[in-house]
Enquirer: 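Got a structure here, written out as structure tokens. Questions coming.
Any value given below was found using the heavy atoms of this structure, including those in side chains, with hydrogens, waters and symmetry copies removed. Source: prediction; values computed, not measured.
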Amino acid sequence: MSYPALAARTAVVTGAASGMGAATARLLAANGAKVALLARRTERLDALAAEIAAAGGRALAVTADITDQASVDAAARAVRDAYGRVDLVVNNAGVMLPNPLTDGRLDEWTRMIDTNLTGALRIIRAFTADLTAAAADGGTADLVNVSSIASHVSFPDYAVYGATKAALTQLSTALRTEFGPRDVRISAVEPGLTDTELGGHIDNPALREQLGGMFTAIPALTAEDVADLVGYTVSRPRHVNLRQIVALPTRQA
């Protein structure tokens with residue numbers, strides 16, 4: 001679908017080096033938005049920015065680690081220097097590292113919390129002033145947090161991942177009470193089984209095989225499916241906030 005309302009927007013997309021982030025960046029740029037691409041993998045970002053430019057879009061590659069405050073602050077400055085004020089933020093960066101809780105994988109717990117929750121908060125902190133100023137000037141302002149069906153559906157051995165996503169969904173709910181009266185829309189997008197690189201981070205062979213079996217049994221969502229949901233959400237009239245979007249493959253219960 002095309003979303004002409006996006007043509008005047010200035011967007012930041014985290015986790016833009018692959019998967020849902022890259023797909024969302026492509027869609028926003030294809031509909032005329034200026035898009036800042038944030039992620040750690042510089043080569044991937046540069047390649048995506050070149051691809052978008054070749055297609056006639058505008059994209060800025062900004063290498064950033066959302067688990068590092070100084071890196072986020074530097075990225076925010078780079079985005080403003082290039083594009084000015086931001087009015088659309090897509091908090092997409094995330095990691096999924098399942099293991100039984102009894103394994104005591106503090107390294108994985110810390111990485112998921114730092115990325116999926118605290119990292120999202122760092123991005124929100126960096127661009128809150130932009131979003132509220134854009135809304136105060138009568139423009140459309142959006143914060144989209146990409147959560148997961150795991151935020152409210154339990155999966156064995158995914159307890160900490162699910163907890164981080166539940167926290168992100170709850171954060172979105174609470175932020176509406178603070179940002180809604182200032183005309184900034186807050187949306188949580190919660191995909192089910194989606195074909196991205198996320199599963200490639202799993203170091204547990206049994207859980208990796210289990211996830212592979214799900215992809216065999218269920219035609220999964222694509223990254224482009226999720227990107228289209230984001231595009232639809234942020235292109236609604238300014239007074240309409242799609243607060244929570246749950247999207248599952250048809251065959252996923």
Side-chain angles (χ1 to χ4, degrees), residues 12-25 37-41 44 63-69 71-72 75-76 89-101 103-128 142-176 186-204 207-208 211 221 223 226-227 229-230 233 243-248:
V12 168
V13 180
T14 69
S18 66
M20 293 181 286
T24 298
L37 315 170
L38 271 61
R40 292 179 301 172
R41 292 179 286 182
R44 290 276 194 97
T63 304
D65 179 356
I66 67 167
T67 68
D68 181 88
Q69 186 62 53
S71 180
V72 171
V89 175
V90 181
N91 252 330
N92 166 77
V95 290
M96 181 178 72
L97 306 169
N99 263 311
L101 197 71
D103 283 4
R105 292 292 299 272
L106 184 60
D107 58 329
E108 294 184 338
W109 304 346
T110 301
R111 185 178 170 195
M112 284 189 283
I113 293 168
D114 282 355
T115 304
N116 299 357
L117 180 57
T118 311
L121 283 165
R122 288 190 179 98
I123 293 295
I124 293 167
R125 178 177 182 261
F127 293 104
T128 287
D142 286 284
L143 169 64
V144 179
N145 292 320
V146 179
S147 183
S148 167
I149 187 66
S151 65
H152 49 86
V153 176
S154 298
F155 299 94
D157 304 322
Y158 286 74
V160 179
Y161 173 73
T164 64
K165 290 301 187 178
L168 187 59
T169 292
Q170 175 58 30
L171 176 66
S172 303
T173 299
L175 286 180
R176 286 184 205 102
I186 312 292
S187 302
V189 177
E190 301 179 344
L193 187 68
T194 306
D195 189 7
T196 69
E197 290 183 359
L198 210 58
H201 303 149
I202 298 174
D203 68 2
N204 184 313
L207 292 175
R208 194 164 56 240
L211 184 62
L221 300 177
V226 178
L229 286 174
V230 174
T233 298
R243 65 187 301 273
Q244 189 170 359
I245 301 94
V246 179
L248 299 179

Enquirer: Between CG of Leu193 and CG of Leu211, what distance do you get to the nearest 0.5 Å?
Expert: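 The CG atom of Leu211 is 6.5 Å from CG of Leu193, to the nearest 0.5 Å.
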
Enquirer: Could you tell me which residues satisfy side chain to side chain donor-acceptor pair (under 3.5 Å) with Thr14, sequence neighbours excluded, listed by chain and number?
Expert: none

Enquirer: The criterion is side chain to side chain donor-acceptor pair (under 3.5 Å); which residues satisfy it with Asn145, sequence neighbours excluded?
Expert: Asn91, Ser172

Enquirer: Which distance, rounded to the nearest 0.5 Å, do you find between the CE of Met96 and the CE of Met112?
Expert: 9.5 Å

Enquirer: Looking at Arg111 and Val95, would you say the former's side chain and the latter's main chain have a donor-acceptor pair under 3.5 Å?
Expert: no

Enquirer: Out of Val230, Leu38, Val90, which one pairs with Val13 under the side-chain contact (heavy atoms from CB on, under 4.5 Å) rule?
Expert: Val90

Enquirer: Just jot down the side chain to side chain donor-acceptor pair (under 3.5 Å) partners of Thr24, sequence neighbours excluded, or say none.
Expert: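 Scan of Thr24 (side chain to side chain donor-acceptor pair (under 3.5 Å), adjacent residues dropped) gives none.
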
Enquirer: Can you tell me how far apart OG1 (Thr67) and CG (Asn116) are? Round to the nearest 0.5 Å.
Expert: 11.5 Å

Enquirer: Taking C-beta and beyond as the side chain, do Thr128 and Arg125 meet within less than 4.5 Å on heavy atoms?
Expert: no

Enquirer: To the nearest 0.5 Å, how far apart are CD1 in Ile124 and OG1 in Thr118?
Expert: 11.0 Å

Enquirer: Please enumerate all residues that pass side chain to side chain contact (heavy atoms under 4.5 Å, CB included) together with Asn99, with sequence neighbours excluded.
Expert: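 Only Asp103, Arg105, Glu108, Asp203, Asn204, Leu207 meet the side chain to side chain contact (heavy atoms under 4.5 Å, CB included) criterion with Asn99.
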
Enquirer: Do Thr169 and Ser147 have side-chain atoms, one donor and one acceptor, less than 3.5 Å apart?
Expert: yes

Enquirer: If every non-hydrogen atom of Ala126 is compared with every non-hydrogen atom of Ala76, which pair is closest and at what distance?
Expert: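 Ala126 and Ala76 have their closest heavy atoms at CB-CB, 4.1 Å.
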
Enquirer: I want to check something: taking the side chain as every heavy atom from C-beta on, are Arg122 and Ile66 in contact at a cut-off of under 4.5 Å?
Expert: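 No, their side chains stay 4.5 Å or more apart.
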
Enquirer: Could you pull out the closest heavy-atom pair between Ile149 and Gly192, with the gap in Å?
Expert: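 Scanning both residues completely, I find the closest heavy atoms to be CG2-CA, 3.6 Å.
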
Enquirer: Stepwise, does the side-chain contact (heavy atoms from CB on, under 4.5 Å) test hold for Val72 with Phe127?
Expert: CA-CA 10 Å; Val72 171; Phe127 293 104; 5.7 Å; no

Enquirer: Using the side chain to side chain donor-acceptor pair (under 3.5 Å) criterion, which residues pair with Thr63? Sequence neighbours excluded.
Expert: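 Result, side chain to side chain donor-acceptor pair (under 3.5 Å) vs Thr63: Thr42.
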
Enquirer: Distance check, rounded to the nearest 0.5 Å: Thr194 atom OG1 versus Leu248 atom CG?
Expert: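 Here the interatomic distance stands at 9.0 Å.
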
Enquirer: Tell me every residue that passes side chain to side chain contact (heavy atoms under 4.5 Å, CB included) with Ser71, counting only those two or more places apart in sequence or in another chain.
Expert: Ala64, Asp65, Asp68

Enquirer: Quick check: do Ser18 and Thr196 have side-chain heavy atoms less than 4.5 Å from each other?
Expert: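 They are not in side-chain contact.
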
Enquirer: Test of understanding: with side chain to side chain contact (heavy atoms under 4.5 Å, CB included), list the residues that count as partners of Ala150, not counting sequence neighbours.
Expert: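 Scan of Ala150 (side chain to side chain contact (heavy atoms under 4.5 Å, CB included), adjacent residues dropped) gives Ser148, Phe155, Tyr161.
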
Enquirer: I'd like to check the side chain to side chain contact (heavy atoms under 4.5 Å, CB included) partners of Ala17; sequence neighbours left out, ordered by chain and number.
Expert: Ala39, Arg41, Arg44, Leu45

Enquirer: Quick one: CG on Leu175 to CG on Leu168, what's the gap to the nearest 0.5 Å?
Expert: 9.5 Å

Enquirer: Provide the closest heavy-atom pair for Met20 versus Pro191 in the form atom of the first, atom of the second, distance.
Expert: SD-CG, 4.0 Å

Enquirer: Per the side-chain hydrogen bond (donor to acceptor under 3.5 Å, both in side chains) rule, which among Glu190, Lys165, Gln244 passes with Ser151?
Expert: Glu190

Enquirer: Closest approach of Leu37 and Ala25, non-hydrogen atoms and distance?
Expert: CD2-CB, 3.4 Å

